[in-house]
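A short worksheet on the structure shown next.
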Amino acid sequence: MIPYGRQDVIQSDIDAITAVLRSDFLTQGPQVPRFEAAVSTYCGARYALAVNSATSALHIACLALELGAGDWLWTSPITFVASANCARYCGAQVDFVDIDPLTYNIDVNALRAKLEAAAVAGRLPKVVVPVHMAGQSCDMQAIHELSRRYGFRIIEDASHAIGGRYLDQPVGSCRYSDITVFSFHPVKIITTAEGGMATTNDAALADRMALLRSHGITRDAAKMTKASEGDWYYQQIDLGLNYRMTELQAALGVSQMQRLDDYVMRRHTLALRYDQLLADLPVKTPGQANYSYSALHLYIIRVAETASTNRAKVFHALRSKGIGVNVHYIPVHMQPYYEALGPKVGYDALSFPHANAYYDQAISIPLYATLSFEQQDEVLAALRTILV
Ligand SMILES: *Cc1c(COP(=O)(O)O)cnc(C)c1O
């Protein structure tokens with residue numbers, strides 16, 4: 001089976017992990033700060049906080065922005081459920097904004113219209129989570145302008161997008177957002193097995209996220225409410241969690257960061273090849289906006305329903321030929337958990353027509369840095385047999 005995505009782990013990665021195993025620290029040592037420095041430098045963001053997953057990063061990002069009961073978080077329906085769940089962890093409500101049919105990212109015009117209506121109804125969101133679908137940045141400048149006008153905060157879900165660029169700035173620079181979140185799950189651009197990172201330029205947000213990822217405990221005398229009682233002393237000054245990344249993961253992350261640009265370049269080479277070799281087949285290839293250089297986490301084709309075929313048929317035919325295709329994503333508002341919340345919030349199964357139309361047609365075909373041209377040709381040959 002050729003998977004739709006997979007990690008690349010080489011000897012130098014293994015050596016980096018082995019060295020940590022033989023060292024004094026398996027957690028809370030020097031590797032996590034090294035990895036954070038590598039990512040913050042790469043992205044041009046002042047602070048980077050490593051955690052054990054992007055889901056955890058989204059959670060502490062929402063907590064740091066003081067999202068809570070009675071507040072609203074808006075995101076795209078075409079994302080992994082974690083982009084929405086972070087609001088529910090904080091007791092906040094979730095609503096969705098339909099996608100742009102070219103980029104599959106949150107539609108800025110739909111967002112503007114929904115904000116206008118929400119302002120009238122007194123139900124503006126506190127946080128908006130734009131998701132950089134498949135690695136392509138959302139139009140952050142436009143979303144940032146809306147955030148100024150309507151007073152919401154922005155968390156970029158860049159789980160797909162490390163190594164990508166927006167208006168020639170690295171994704172994660174937080175130039176147009178409060179916080180950006182990355183995932184290092186094995187199918188993503190670089191991996192730490194499980195792992196995530198939050199970047200920000202705001203010292204107070206960075207401080208809060210650092211506290212929240214480790215129980216709300218501080219050893220910094222300046223942050224304590226009363227004098228230290230000795231060298232053993234620490235204070236819990238807030239309710240935090242244990243979302244720490246291990247030293248093993250961070251060492252792998254440092255090692256993988258060295259190949260990030262090569263990975264993204266290779267993904268572009270493969271994607272361009274797909275674009276060209278799929279041009280005569282009845283599928284829609286991914287649209288790219290001119291403001292973005294995608295990290296190309298996913299290569300998504302769309303298969304329209306005809307008298308003789310549809311997405312499900314093509315999907316199953318590809319799987320039976322050993323092509324490990326997948327679908328990203330089942331719209332979040334159609335998940336039973338969110339479906340049940342819909343009537344209270346005001347959305348239903350038909351509220352986001354572009355997301356639904358996309359879902360009916362989307363297939364993610366294999367794309368990852370170590371995919372060979374021969375394997376890619378196998379994918380193309382299978383598609384050709386099925387579609388022509
Ligand atoms: C993978 C992913 C997440 C969650 O990442 P984890 O590191 O697995 O928690 C969140 N949002 C999106 C868009 C993702 O693709």
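In what follows, every heavy atom counts, from backbone to side chain, and hydrogens, waters and symmetry copies are set aside. Counting starts at 1 for both ligands and their atoms, following the listed order. All residue numbers refer to positions in the sequence shown, counting from 1. Since we're looking at a predicted model, the values are computed, not measured.
If you number the atoms of ligand 1 from 1 as listed, the ones under 4.0 Å from a heavy atom of S183 come out as 1 (C), 5 (O), 6 (P), 7 (O). For ligand 1, the atoms lying closer than 4.0 Å to a non-hydrogen atom of T79 are 13 (C). Contact atoms of ligand 1 toward A54: 4 (C), 5 (O), 6 (P), 7 (O), 9 (O) (distance under 4.0 Å to a heavy atom of the residue). Residue Y329 approaches ligand 1 through these ligand atoms, each under 4.0 Å from one of its heavy atoms: 15 (O).
For atom 15 (O) of ligand 1, the nearest protein heavy atom (residue, atom name, distance) is H160 NE2, 2.7 Å. Atom 3 (C) of ligand 1 has S159 OG, 3.6 Å as its closest protein atom, hydrogens excluded (heavy atom only). Atom 1 (C) of ligand 1 has its closest protein heavy atom at K188 NZ, 1.5 Å.
With respect to L296, the side chain to side chain contact (heavy atoms under 4.5 Å, CB included) criterion is satisfied by exactly one of M265, H160, Q136, Q288: Q288. Of the candidates L278, L298, N326, I365 forms a side chain to side chain contact (heavy atoms under 4.5 Å, CB included) with just one, namely L278.
Using a non-hydrogen distance threshold of 4.0 Å, G195 registers as a contact of ligand 1.
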Could you please spell out the steps behind the salt bridge (Lys or Arg N to Asp or Glu O under 4.0 Å) verdict for D377 and R273? CA-CA 10 Å; D377 289 341; R273 216 163 162 263; 3.0 Å; yes
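Hydrophobic clustering places V327 together with V283 (ILVMFWY residues linked when any side-chain heavy atoms are closer than 4.5 Å, directly or through intermediates).
For the residue pair Q236 / Y234, no side-chain donor-acceptor distance below 3.5 Å is found, with atom types taken as modelled. A side-chain N or O of D275 and one of Y299 form a donor-acceptor pair less than 3.5 Å apart.
Nearest residue to atom 4 (C) of ligand 1 from T191, V181, T55 is T55 (criterion: closest heavy atom). The nearest non-hydrogen atom to atom 11 (N) of ligand 1, considering only D157, L58, V131, N52, comes from D157.
Geometrically, R266 engages F373 in a cation-pi contact, judged by NZ or CZ lying under 6.0 Å from the ring centre and within 45° of the ring axis.
Residues T55 and N85 fail the side-chain proximity criterion, which asks for heavy atoms closer than 4.5 Å.
Taking only nitrogen or oxygen atoms, main chain and side chain alike, F184 does not reach within less than 3.5 Å of ligand 1.
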